[in-house]
Structures are given as structure tokens and as C-alpha cells.
Amino acid sequence: MRAALVRTCGAPPVPGERAVPVPAGGEILVRVTAASITPLDVLCAGGTSYFGTPATPYVPGVQGVGVRDDGTAVWFPTGAGMRPGDGSLAEYAAVRAAETVELPDGVDHRLIAALGLSAVAAQLALTWRGELRAGERVLVLGAGGVVGQAGVQLARLAGASTVIAAARSDAGRQRAERAGAAVVVPLEESDDVAGLTARLRAAADGPLDLVLDPLFGIPAAAALRTLRPGGRLVNLGSAAAETAPLDSATLRAGSLRILGYTNNELTPAQRSEALTLVAAHAAAGRLTVDYDTVRLNDISTAWHRTDQRIVVVP
Ligand SMILES: NC(=O)c1ccc[n+]([C@@H]2O[C@H](COP(=O)([O-])OP(=O)(O)OC[C@H]3O[C@@H](n4cnc5c(N)ncnc54)[C@H](OP(=O)(O)O)[C@@H]3O)[C@@H](O)[C@H]2O)c1
């Protein structure tokens, strides 16, 4: 079969030939219809992730969408790059049957591939870790990314009364607006905490209850200062910076809560339930994200694209 192959960690995968995988106990063979390239795939294939350096060659792709041999469409996770074994960026994948999630009839496979675990993270960071309640006011940072675009829409679907957003690029700000943010605040490379805090407060027009934060760094430090006493910030990524200039006075004066989130902590049931909700919203036209589609043969040039989510079709 055709497959993307990571031959050297740190270099983009190349298209090549791989034997069709033989399912082990508890696994089934899925014919892949769409699989995305996510920051986690690039991190793992770089060889420097906290999962260690994967043995090469391997097929990357930590998630995908495909069809079982009975014709049912499913979303599936893989451990590619995190544990031994191949992933989704190939014509076929052997996946754990119990971890597959059946998809609604007629749903767009590419859209589900684009949303996938990024949307699961947005949903559960908001509602499970962040305890979002109906009527609350939410700020979504990095709202032009997939977590952010999904976060804006899912916060509204979960009953948030107001969702404001912040994003860096022009394209990201436009995506945040299309996702339904009431106001989109620009993030600048030259921002300091005080200046960004002032802009966020002006846009929020009142204290906020919850921040969804895939960025950390200065945006997270400024966002904390927009929270009401007892407000929460859920961090699920460090796209802007690994550290943030947090100050004790802001934290203690507001009795604020800073919470970490990772999909890796989810039980299969939690992940499956969240993905089912995401797929239902997508099938009903309530949830979407921008993405571009490329063929498997173009995997090498697509690998490091960051302008939007890339969905690969075998
Ligand atoms: N914890 C988890 O379980 C989990 C799950 C999924 C994702 N994540 C993490 O969450 C983060 C976002 O994921 P994603 O899927 O949304 O990725 P994505 O679609 O690639 O989006 C990345 C976003 O980060 C923004 N960004 C990058 N550098 C920035 C900077 N210096 N300042 C401000 N914004 C910056 C980009 O803004 P522009 O578009 O404006 O350039 C883009 O919107 C990643 O770090 C990812 O690893 C974590």
C-alpha cells in the first residue's frame, strides 16, 4: 500500500510502499479515507518529544477516519510516534477495535479528520476541566488554530453567553470571526502583559469566567488578568511560549485557578463520547474548521505547513 514514511526523525516523511498491516488481537483493518497532520504528529516525528525517539521507518498519524470492512465509517486513534507501531497516514491502518468511534451517516470524513483530537481537547478543556456553565463569558486564545476555532464554536454550543477571541495572524483573526467570536483581539509579537491586558479588558467589557489557552506565554499572563474572582484558565498547549510571566498578586487576589489539560489523560470512553459529540455537531453543520486537502504523494511539502490544518487523502 501507499504510505507516508518517517525515515529519519526531524525530516519530513516521504511517500513510499509499506505492507498492508495485519491486525493483531483486538485490532481491525480500516481503509483510511482522511487523516490530518497535527502539531503532535510533527512533535513525535521530530524525535525529541517526551514520548522518546520513535524507531524508523514508521507511518506517522495519531488519528484518522476510514471505513471498516462492513462499510461503517469510523474515527480512530493510533499510538504512532508515541509507542511502536504505524499510524493513519497510509491507505490502511490496523487499529484497536474498542477505540474506534462510529460516525454519523453522510458526515464529511475530511472535516472529522481536521477536527479530531483538537476539537476533543477544546470540548473537554472547556466543559470537563474548565467546568463551563451556561451563561458564562469565555475568552479563547489562539482562536485561528483548530483548537481555537473549535473552542469558540463549542463554547457557544455549551451555552456560553459571550465568547471573545484573540489571534495573531490576519487569517487567524478572520477564522475566529467566522467561528462566531463576538470580538477578536489581535495578538502582536511586540505585546507586553500590561498592554495586551488593556486590549483584552476593553474587548471583554467586563470580567470573564473562563479562558481556553493553547498558547501560554504573554497571552496567558494577560488573559489571567481579565478573569473575575474565582475564574479559570485551562492551558492545553504552548504554541506561543513554554513559560509565562505570571504574577502572584493577580493569582492570589482573584483566587484564580490555572488548570492543565491533556488528551492523554482521557479514558477511551471520555474520548469516544467527546468525539461523538463533535461528529454530531459537524454532521448537523454546527461545527466546522478551515483545512486544506492534499494527496499522500504530497506529504513531504505539506508536513510543516502551519497556515491551516492539512488533511491527507490516501
Ligand atoms: N493538551 C492537548 O491534549 C492538546 C490537544 C490538541 C492540541 N494541543 C496543543 O494546542 C496547541 C494548538 O493546537 P491546534 O491544533 O489548534 O494547532 P494549530 O491549528 O496549528 O494552531 C496553532 C495556533 O497557534 C497560534 N500561534 C503560534 N505561535 C503563536 C505565537 N507566538 N503567538 C500567538 N499565537 C501563536 C497560531 O496562530 P496564527 O494562526 O494566528 O498564526 C495558530 O492559531 C498546540 O500547541 C497543540 O500541541 C494540545
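Numbers here are sequence positions counted from 1. Order of listing sets the numbers, starting from 1, for every ligand and every atom in it. The basis for the numbers below is simple: all heavy atoms, side chains too, and nothing from hydrogens, waters or symmetry mates.
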| task | May I ask whether Tyr261 and Leu275 are part of the same hydrophobic cluster, defined by side-chain heavy atoms of I, L, V, M, F, W, Y residues being less than 4.5 angstrom apart, directly or through others? | result | yes

Check ligand 1 against the protein and report each N/O to N/O distance under 3.5 Å, formatted as atom name, atom name, distance.
{"unit_1": "ligand 1", "atom_1": "1 (N)", "unit_2": "Leu236", "atom_2": "O", "d": "2.9"}
{"unit_1": "ligand 1", "atom_1": "1 (N)", "unit_2": "Tyr261", "atom_2": "O", "d": "3.0"}
{"unit_1": "ligand 1", "atom_1": "3 (O)", "unit_2": "Asn263", "atom_2": "N", "d": "2.7"}
{"unit_1": "ligand 1", "atom_1": "15 (O)", "unit_2": "Ser118", "atom_2": "OG", "d": "3.0"}
{"unit_1": "ligand 1", "atom_1": "15 (O)", "unit_2": "Arg309", "atom_2": "NH2", "d": "2.9"}
{"unit_1": "ligand 1", "atom_1": "16 (O)", "unit_2": "Val146", "atom_2": "N", "d": "3.0"}
{"unit_1": "ligand 1", "atom_1": "16 (O)", "unit_2": "Val147", "atom_2": "N", "d": "2.8"}
{"unit_1": "ligand 1", "atom_1": "19 (O)", "unit_2": "Val146", "atom_2": "N", "d": "2.9"}
{"unit_1": "ligand 1", "atom_1": "19 (O)", "unit_2": "Arg309", "atom_2": "NH2", "d": "3.3"}
{"unit_1": "ligand 1", "atom_1": "28 (N)", "unit_2": "Arg168", "atom_2": "NH1", "d": "3.3"}
{"unit_1": "ligand 1", "atom_1": "28 (N)", "unit_2": "Ala239", "atom_2": "O", "d": "3.1"}
{"unit_1": "ligand 1", "atom_1": "40 (O)", "unit_2": "Arg168", "atom_2": "N", "d": "3.4"}
{"unit_1": "ligand 1", "atom_1": "40 (O)", "unit_2": "Ser169", "atom_2": "N", "d": "2.8"}
{"unit_1": "ligand 1", "atom_1": "40 (O)", "unit_2": "Ser169", "atom_2": "OG", "d": "2.8"}
{"unit_1": "ligand 1", "atom_1": "41 (O)", "unit_2": "Arg168", "atom_2": "NE", "d": "3.3"}
{"unit_1": "ligand 1", "atom_1": "41 (O)", "unit_2": "Arg168", "atom_2": "NH2", "d": "2.8"}
{"unit_1": "ligand 1", "atom_1": "43 (O)", "unit_2": "Gly145", "atom_2": "N", "d": "2.9"}

| message | With no hydrogens and no angle check, just 3.5 Å: does a side-chain donor-acceptor pair link Arg175 and Ser169? | response | no

| query | Any luck finding a side-chain donor-acceptor pair between Asp41 and Thr38 under 3.5 Å? | reply | yes

| Is there a side-chain contact between Trp303 and Val42 (heavy atoms, below 4.5 Å)? | yes

| query | Hey, does the side chain of Gln149 reach the backbone of Asp290 with a donor-acceptor pair shorter than 3.5 angstrom? | reply | yes

| said: For the CD atom of Glu265 and the CG atom of Leu124, what is their distance to the nearest 0.5 Å? | reply: 10.5 Å

